[in-house]
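Letters A, B, ... are given to chains in the order of the sequence lines, protein chains preceding strands, and every chain is numbered from 1.
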Amino acid sequence: MNLESLNYEQREAVEKTEGPVLILAGAGSGKTKVLTTRIVHLIKNKNISPFNILAITFTNKAANEMRERVKSLLKEDNDEMWISTFHSCCVRILRKDINKIGYNRSFVIYDSSDQLTLIKDCLKELNLNDKVFEPRAVISEISSAKDKLLSPKKYKDMNISDNRKTKIAEIYKLYQERLKRSSALDFDDLIVKTVELFKENEEVLEYYRNRFSYIMVDEYQDTSRAQYEFIRLLAKNHQNICVVGDDDQSIYGWRGADIRNILEFEKDYDNVHTVKLEQNYRSTQVILDAANKVISNNIERKRKKLWSEKKEGEKIKIQVSDDEIDEANFVADNIYKISKKENIKYSDIAVLYRANAQARPIEDALNKSNIPYTIYGGVKFYERKEIKDLLAYLRVIENPQDDISLKRIINVPRRGIGLKSIEKIEDRASLRQESMYSVIVDIESNSDLSPKAKKSIKEFVDIIGSLRAMKEVYPVSKLIEKVLKTTGYIEELEKDKKDENLDRIDNLKEFVSIAIEFERNSKEKDLENFLTSISLNSDTDEEENENEKVSLMTIHTSKGLEFPVVFLIGMEENLFPISRAVKSMNESDIEEERRLCYVGITRAKDILYMTLTQRRTLYGKTAPSVSSRFIEELPNECIEKLNSPQNEITYSKSSYNVLDKYKQKYMNSINKQTLAKKVNATIKEAEKENDTSNIKAGDKVFHPKFGVGTVVGMMGSELTISFVNKGIKKINKEYTTIDLL
DNA sequence: TCGGCACAAATTTTT
DNA sequence: TTTGTGCCGA
């Protein structure tokens, strides 16, 4: 293996194969190249067997890419080597040995919507109000407990003085019991149970320890505590652990990623060799200067400074638009111009935003200009109702203990098994600590159901029974067709030829082709493996930005990608940084937003636009906007202001900013409660200041539709206002919110 | 059991 | 604005 094409640091990272290595890989510094080269170096130059190598990533996409690149470097296929995501790696381990900790080896994997249903069930069973214990909040609490490897019991013990959390611990406990009864694991469990298995079974752990004598982890800044522990257990003996990541790109803290994992790697392992990859092969120096400057405002980070050989570059263009429609038109116009003049394809251009809701006006503008685009994110294929229904059937066929799936389809299509009957079945299942399926199999012995209901249930059991028999003889794709026919699902959709239903039928057909594809590509073609592969591959093979389309996505989604031209839109306080982070008493929330901004900026190779508005309508409410602090943090020499609106609002009396000022002032001196009180008082004051009851001629005001204007006259509650560029209008202040400027 | 209506809520989402 | 949810009457 030739290492000539690497720079000094990259080469160091590749050649240092023994002992713990931390590679701090800045954006665009070629870390995938380093990782793949390192693997090949181990095999070719160091004679390590692929069998002993484990490479872990977060996404399937990253895993596939790495596998492909290694394959082409090695010039041979190698399936002894594990290059996989945390989750699929854990599934593989669990499928082999999870029975050792009392679970069924053919477990199903619950996704977030299954989780939600199950939590709702648990709340009902515990007689808890779902307004007080909002299911989503409960899930995220449980999930974060799991990320920290807290069992229900530990979680309870830790929060003994907190009533709410004590209750949540109870829900958590029941939730785990129900999962187990259904032979199901949620995504978090995949990691947690693997760690549990390792801790309780010396010989299992020993096997993998001996096997994986070289471990590499990609995107280490995104690991949770549980994932950290998983890796630590495996690397304990040989210590040949190489982690790659960028603390500045840690943007999934809200999802359990613990930035301490990377910040404290050097403390957690002995004699860590650290390599910083700071040469960037993507962007111009102007863009990197801007990114470096913005991120330097974060305190919790490892110092890094990206540099590039691309010394020349266009300045970052900043545009202030009137509102989001205006902003969208600006984006569309410029995309059109750029694509014409500079010989740039549409697929070279991305529009990035903080929140999905911002895509709407952009879409409208692009449509108007006939510019093709794809939106990333949105409703996923596997989340569609018809697909979920079909999947539920398949899961029940594979694993009848799966109550959540069973409940989903027991009356779909409608076969006269109503809510009452289902409830009775559930109660009985609960009583006997068994699955619902075992209850309905011997429904005869159940006396409190009507003969009619019993008959329907028996029919349902027969359908499932016959499908289970078919599973043994048919390939998955054929089985799916049988499911659709036998259950009458397709028939039901065909009855009513609405467009919606035709779409659904199309999707189901698409699903059949996915199954055929699976059969073609997999070694293990059984239903269990099919279901696993679907659970673990939520990203439907996005058509590889093949042809000529502008990409629209959130900044989160853009991580890891690059585009010659990037538009970062909505650079406004309370949108980016998002209001939650601004309002929170926690500076680390702002730091995460700033890292997100850093990620956004570093997506651009050559040209970067940043846009903001003077007033924005979001969720049907219009409010004046304030330019983002991240805009203010950009170095002057890197930016070019495209317009300088006369009435630009640079600073407002907006309560959040007031709050922010106070936050900084008091951050270190007083406790949170006092701070909160102070802040509330200040907000009240700010609101009073904005009281429009004593408005008078000459006052500058802001109107949600017409923008900034001057009051010229007033009569009762009717104001006459001269608006900038919009002329004189009469406004009734009783009906419109007008802000004093 | 379903459709209609009022009401509330609304970041980000690799698996 | 959009989207989901709960409740009520037919």
Side-chain angles (χ1 to χ4, degrees), chain A residues 56-65 84-91 109-116 120 129-131 134-137 139-140 143 146-147 185-192 218-224 226-227 249-257 324-325 352-361 364 376-380 382-383 411 413-421 532-539 542 553-561 570 574-584 589 592-593 595-597 599-600 616-622:
Chain A
I56 298 270
T57 63
F58 271 84
T59 64
N60 291 300
K61 209 175 142 208
N64 291 336
E65 193 187 329
S84 72
T85 63
F86 270 105
H87 296 264
S88 49
C89 167
C90 287
V91 168
I109 301 165
Y110 276 2
D111 68 16
S112 39
S113 67
D114 303 319
Q115 259 184 310
L116 193 65
K120 283 180 184 165
N129 185 335
D130 60 4
K131 289 268 156 43
E134 221 240 304
R136 281 179 194 285
I139 288 178
S140 88
S143 171
K146 289 187 180 182
D147 283 336
L185 300 185
D186 65 18
F187 280 121
D188 302 315
D189 279 343
L190 296 179
I191 317 290
V192 175
D218 192 12
E219 305 278 18
Y220 194 66
Q221 77 281 351
D222 290 339
T223 47
S224 67
Q227 287 159 339
Q249 291 188 69
S250 162
I251 55 174
Y252 286 105
W254 49 275
R255 243 176 137 273
E324 71 284 348
I325 314 265
L352 309 182
Y353 34 81
R354 176 64 242 257
N356 286 119
Q358 290 169 260
R360 179 48 76 72
D364 292 345
Y376 292 77
V379 199
K380 301 235 175 63
Y382 295 121
E383 273 158 29
N411 200 29
R414 225 161 287 130
R415 42 174 82 88
I417 307 176
L419 244 59
K420 277 270 156 356
S421 312
T532 305
S533 107
I534 282 176
S535 301
L536 263 25
N537 286 281
S538 68
D539 55 332
E542 298 276 5
M553 65 184 88
T554 63
I555 307 172
H556 280 94
T557 312
S558 77
K559 200 175 100 176
L561 305 176
N574 297 317
L575 180 57
F576 193 23
I578 202 125
S579 69
R580 269 240 177 91
V582 178
K583 276 188 268 188
S584 108
D589 289 349
E592 182 150 315
E593 294 288 305
R595 291 192 290 270
L596 191 58
C597 181
V599 168
R616 177 176 299 271
T617 308
L618 198 61
Y619 304 131
K621 276 220 167 63
T622 306

Grab the two heavy atoms, one from A:R354 and one from A:E593, that are nearest each other, plus how far apart they are. NH1-OE2, 2.5 Å
Distance in angstrom units between A:N60 CG and B:dT13 P, rounded: 17 Å
Could you run down the sub-3.5 Å N/O contacts of the protein with nucleotides 8-11 of chain B?
| residue | atom | partner | partner atom | Å |
| --- | --- | --- | --- | --- |
| B:dT11 | OP1 | A:Y619 | OH | 2.6 |
| B:dT11 | N3 | A:R580 | NH1 | 3.2 |

Across all chains, not counting sequence neighbours, the ring pair (Phe, Tyr, Trp, His ring centres under 6.0 Å) partners of A:Y353 are none
Report yes if the distance between the aromatic ring centroids of A:H87 and A:F58 is under 6.0 Å, otherwise no. no
Check: A:V192 main-chain N/O paired with A:D189 side-chain donor or acceptor under 3.5 Å: no
Determine: side-chain N/O of A:S112 to OP1/OP2 of B:dT15, distance under 4.0 Å, yes or no. no
Nearest-Å distance for atom pair NE2/P, residues A:H556 and B:dT13: 7 Å
Start at the 5' end of DNA chain B and walk down; is the nucleotide closest to A:L190 or to A:E592 reached first? A:E592
Could you report the tightest heavy-atom contact between A:N60 and A:L536, atom names first, then the distance? ND2-O, 2.5 Å
Lys/Arg-Asp/Glu bridge criterion (N-O < 4.0 Å) met for A:R255, A:D188: no
Closest approach to the side chain of A:D222, judged atom by atom: which nucleotide of B:dT13, B:dT15, B:dT14 is it? B:dT14
note: A:E65, atom CD; B:dT14, atom P; distance rounded to Å ~ 17 Å
Just checking A:N411: base, sugar-phosphate only, or nothing, at a heavy-atom cut-off of under 4.0 Å? sugar-phosphate
Correct closest heavy-atom pair for A:A63 and A:S84 would be CB-CA, 4.1 Å
What contact category does A:F86 fall into here, base, sugar-phosphate, or nothing, at under 4.0 angstrom with non-hydrogen atoms? nothing
Nucleotide B:dT15, atom P - distance to CD1 of A:I139 in whole Å: 19 Å
Using a heavy-atom cut-off of under 4.0 Å over every strand shown, decide if A:T57 touches base, sugar-phosphate, or nothing. nothing
Please report, rounded to the nearest Å, how far the P atom of B:dT14 is from the CD atom of A:Q249. 16 Å
Could you tell me whether A:K146 and A:D186 make a salt bridge, using a distance below 4.0 angstrom between a side-chain N and a carboxylate O? yes
Distance check needed: B:dT13 C1' versus A:Y376 OH, whole Å only. 17 Å
In whole angstroms, the gap separating C1' of B:dT13 from CG of A:D186 amounts to 15 Å
Are OP1 or OP2 of B:dT14 and a side-chain N or O of A:T85 less than 4.0 angstrom apart? no
For A:S535 and A:T532, does a side-chain donor sit closer than 3.5 Å to a side-chain acceptor? no
Nucleotide by nucleotide, 5' to 3', does protein get under 4.0 Å of the base (B), only the sugar-phosphate (S), or neither (-) in nucleotides 2-10 of chain C, counting heavy atoms? S---S----
Plane angle bin for A:H556 and A:Y252 - parallel if under 30°, tilted between 30 and 60°, otherwise perpendicular: tilted
Round to the nearest Å and state the distance from A:K61 atom NZ to B:dT14 atom P. 11 Å
